[in-house]
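Report on one structure; see the data block that follows.
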Amino acid sequence: MTFKPAEWPRKLRSQHWYGGNSRDTIYHRGWLKNQGYPHDLFDGRPVIGILNTWSDLTPCNGHLRELAEKVKAGIWEAGGFPVEVPVFSASENTYRPTAMMYRNLAAMAVEEAMRGQPIDGAVLLVGCDKTTPSLLMGAASTDIPSIVVTGGPMLNGWFRGERIGSGTHLWKFSEAVKAGEMTQDEFLEAEQAMSRSSGTCNTMGTASTMASMAEALGMALSGNAAIPAVDSRRRVMAQLSGRRIVQMVKDDLKPSDIMTKQAFENAIRTNGAIGGSTNAVVHLLAMAGRVGIDLTLDDWDRCGRDVATIVNLMPSGKYLMEEFFYAGGLPVVLKRLGEAGLLHKDALTVSGETVWDEVKDVKNWNEDVILPVEKALTQQGGIAVLKGNLAPLGAVLKPSAASPHLMQHRGRAVVFEDIDDYKARINDDSLDIDEACVMVMKNCGPKGYPGMAEVGNMGLPPKVLKKGITDMVRISDARMSGTAYGTVVLHTSPEAARGGPLAIVRTGDFIELDVPNRRLHLDLSDEEIAQRLADWKNPVEPPASGYARMFHDHVEGADTGADFDFLKGSRGREVGRDSH
C-alpha cells in the first residue's frame with residue numbers, strides 16, 4: 001500500500017485548545033501549566049496521550065505505570081508532549097459478571113477520552129484480554145494516529161519440574177482434582193507457581209492472541225507481541241513506540257490507513273498459524289465494524305481454513321510465550337505466511353513500512369517452537385465456522401485445541417438451561433451422562449449471561465473424568481478462555497436468549513457435529529423446531545436499569561462482534577464547540 005505523509009508543519013487538533021492568546025486557549029493552557037509545564041511546550045508540537053490501562057485490580061497490567069515512563073521518554077526524545085491518561089481497565093480475572101460485558105463500555109470511554117481532549121496521537125498501553133480490543137475499538141472510531149504497546153506475557157510457570165501455563169493448567173489441575181488424581185493441597189501449591197512474574201498469560205491465551213493480532217494488523221511495531229513483561233527489551237519497545245507515534249502524528253498515519261480489509265485477513269491467517277483464541281473472532285469483528293470494514297464469519301473460515309498451526313504453544317502445544325519470543329516471535333510466523341502466499345505483503349504498518357519489509361529477513365531460532373509446516377500441530381488450524389439448523393448465523397470451534405476423534409460426532413444432548421443449572425447438576429453422580437453425550441449449555445451469550453462469559457469450556461462430570469476421559473463435545477452460546485482446550489463449540493448464534501434454535505434443545509435430542517464439513521445439526525424436523533420455537537418463552541429477564549440494561553438492549557450478536565448497534569459508522573466524528 002502506498003501512503004503519502006501529510007505536510008509538516010501544520011496546525012494540529014490540540015492547537016484548538018492550546019494555540020493562540022484567546023480567553024479560551026489561555027483557560028486550557030493555564031490550567032495545565034499548574035503541573036509545571038513551560039510555555040514553549042504549547043508551541044504546536046504533537047500532544048500524545050498515553051492511554052494507560054494500569055490498575056491494581058488488573059494484575060496483567062500491574063506494571064504498565066513503569067512502562068508508561070519509557071513511552072514518555074520516547075515521546076520527549078522525538079519532540080512530542082506526552083500526557084498520561086488513565087482509561088477504563090476491564091480485568092478478565094476480576095470483573096463480574098464478565099469482563100466482556102465491559103469491553104464496549106471501555107471502548108466508549110476510550111473513544112470519548114480521545115475525542116473530547118487535546119490529543120493528536122495516542123499510545124494504547126494494554127495487556128489484559130479486553131483492554132487491547134477495547135482501546136483499538138476506541139482508536140478506530142476516532143481515527144486519531146495510534147500505536148499499540150502491550151505489557152507482555154509472564155515468564156514460564158514451573159511446578160515440580162513441569163512447565164505450566166497460566167489458565168491452561170488451571171483447567172487441567174481442576175479436572176485432575178475432580179478425577180481424584182491430584183489433591184487440593186497440591187492444587188494450592190501449584191497456584192503460586194502459575195503466575196511468577198508481572199505480565200499477561202504466558203500461554204497463547206486471549207491476551208497473547210490479541211497482542212499478536214495488533215502486530216499482525218500493523219498497529220504495533222514488529223516484534224512487540226511476544227517480549228516478556230520483565231525483559232528489558234519490553235521497555236525498549238515502549239520507548240521506541242513513544243518515538244514513533246510522534247512521527248505518525250506528523251505524517252497523519254491513522255488507524256484507517258492501517259486497519260484495512262487486507263490487514264484483517266492477515267490477522268485471521270495469523271490467528272490460525274499461532275493457534276490463537278476463539279475470542280479473537282468477536283474482537284476483530286467488532287474492531288472491523290468500527291473502522292467500517294465489512295468483515296464476517298465467512299471471512300474467518302475463508303481465510304483461516306487452510307492455515308496450518310505452526311506455533312507449538314499451550315493450549316494447543318507444549319511451550320509458552322517465553323520460548324516463542326526466544327524463537328523469534330510473531331515476525332517469524334508472518335514471514336512463514338508470506339512465503340506460503342498467505343500474507344498480503346504490502347499491508348501498511350505503524351512503522352510506515354509494509355509488513356513484508358518488516359519480517360522478510362527474520363530467522364527462526366527454534367523449529368520445535370515455531371514448527372515447519374510439515375510438522376504442524378494441525379494442517380487446518382484457524383477457526384472453524386460451523387453452520388446448520390442449530391446455528392443458522394454460525395458458531396465457532398478451535399481445531400488446534402480439539403480432539404481429532406470428536407471432530408465428527410453424533411451424540412445425545414445433555415442440556416443445562418444456564419450456568420447455574422450446570423453448576424447445580426454437573427457433580428451429581430446420578431446425572432445421566434457418558435462420554436458419548438453432547439453437553440449443551442444455554443443462555444450464556446451476550447444477552448443471556450449477560451456479557452457472554454468464558455464458561456463454554458464446561459468441565460466434564462466427575463463420573464466421566466474418573467474413567468480417564470478428558471474431552472467431550474460441548475456446545476453453548478458462551479465464549480471460552482483462550483487458555484482452554486477441548487472440542488468446544490462456542491458463540492452459537494443466534495444465542496438462546498434471542499430465541500435461536502439453541503433455546504429449544506432438550507435432553508435426549510441428538511446433535512451432529514461435522515467439523516470437516518462445517519456442519520452443526522440438531523436431529524429434528526423443521527416443523528418440530530418451528531413448533532418448539534413458537535412455544536418458547538424467554539427465561540432471561542432484562543436488567544432493570546443502568547449499564548447492564550443498556551448492554552442488554554443494544555448489544556449485537558456474537559456473529560457480528562457483540563458491539564453496540566449504535567456505535568458503527570462513527571469513525572472520525574468530532575464533538576461540538578468549546579464551552580468556555
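The shown structure was predicted, so the numbers you read here are calculated from the model rather than taken from an experiment.
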Parallel, tilted or perpendicular: rings of Phe564 and Phe566 (30°, 60°): parallel
Aromatic ring pairing Tyr422/Phe416, orientation class (parallel under 30°, perpendicular over 60°, tilted between): perpendicular
Roughly how far, to the nearest 0.5 Å, is the [atom2] atom of [Y] from the [atom1] atom of [X]?
X	Y	atom1	atom2	value
Asp129	Ser481	CG	OG	7.0 Å
Met154	Ser198	CE	OG	9.5 Å
Ser476	Glu495	OG	CD	10.5 Å
Ser277	His283	OG	NE2	7.0 Å
Leu135	Met219	CG	CE	10.5 Å
Leu460	Leu465	CG	CG	5.0 Å

Would you confirm whether [X], through its side chain, and [Y], through its main-chain N or O, come within 3.5 Å as a donor-acceptor pair?
X	Y	result
Lys261	Asp294	yes
Ser403	Leu406	no
Thr203	Gly165	no
Asn538	Ala497	yes

Stepwise side-chain contact (heavy atoms from CB on, under 4.5 Å) test for Ile258 and Leu217: CA-CA 7 Å; Ile258 297 166; Leu217 281 168; 5.6 Å; no
Are any non-hydrogen side-chain atoms of [X] and [Y] less than 4.5 angstrom apart?
X	Y	value
Leu285	Val282	no
Leu284	Pro133	no
Val438	Ile475	yes
Asn457	Trp171	yes
Thr206	Glu454	yes
Pro542	Arg549	yes
Thr98	Arg479	yes
Pro86	Trp54	no

Residue list, side chain to side chain contact (heavy atoms under 4.5 Å, CB included) with Ala99, at least two apart or on another chain: Ala90, Glu92, Tyr95, Lys130
Indicate the atoms forming the closest heavy-atom contact of [X] with [Y], along with that distance.
X	Y	value
Met321	Leu313	SD-CD2, 3.5 Å
Pro501	Pro494	CD-CD, 4.3 Å
Met439	Ile433	CG-CD1, 3.8 Å
Ala106	Phe88	CB-CD2, 3.6 Å
Met407	Pro399	CE-CB, 3.7 Å
Val126	Asn61	C-ND2, 4.2 Å

For the pair [X] and [Y], find out whether any cationic side-chain nitrogen is under 4.0 Å from an anionic carboxylate oxygen.
X	Y	result
Lys442	Asp477	no
Arg410	Asp523	yes
Asp299	Arg302	yes
Glu512	Arg519	yes
Arg290	Asp563	yes
Arg65	Asp56	no
Asp418	Lys423	no

Passing candidate, side-chain hydrogen bond (donor to acceptor under 3.5 Å, both in side chains) with Ser166, options Asn202, Thr200, Asn93, Thr483: Asn202
Of Thr94, Thr58, Thr131, the residue whose pairing with Ser89 passes side-chain hydrogen bond (donor to acceptor under 3.5 Å, both in side chains): Thr58
Derivation and outcome, side-chain contact (heavy atoms from CB on, under 4.5 Å), residues Met194 and Phe173: CA-CA 11 Å; Met194 289 183 191; Phe173 290 160; 3.7 Å; yes
Pair Tyr102 and Phe551, ring centroids less than 6.0 Å apart: no
side-chain hydrogen bond (donor to acceptor under 3.5 Å, both in side chains) evaluation trace for Asp535 with Gln531: CA-CA 6 Å; Asp535 295 338; Gln531 185 60 55; 3.1 Å; yes
Audit row: Met114, Leu51, side-chain contact (heavy atoms from CB on, under 4.5 Å) steps and yes/no: CA-CA 9 Å; Met114 294 177 73; Leu51 306 188; 3.6 Å; yes
From CA spacing to verdict: side-chain contact (heavy atoms from CB on, under 4.5 Å), Val440, Ile511: CA-CA 10 Å; Val440 176; Ile511 295 174; 3.7 Å; yes
Glu191, CD: over 12 other non-hydrogen atoms inside 6.0 angstrom: no
Set of residues satisfying salt bridge (Lys or Arg N to Asp or Glu O under 4.0 Å) with respect to Asp432, sequence neighbours excluded: Arg412
Pairs touching residues 483-532 that satisfy ring pair (Phe, Tyr, Trp, His ring centres under 6.0 Å), sequence neighbours left out: none
Polar side chain donor-acceptor pair, Asn443 to Glu417, under 3.5 angstrom: no
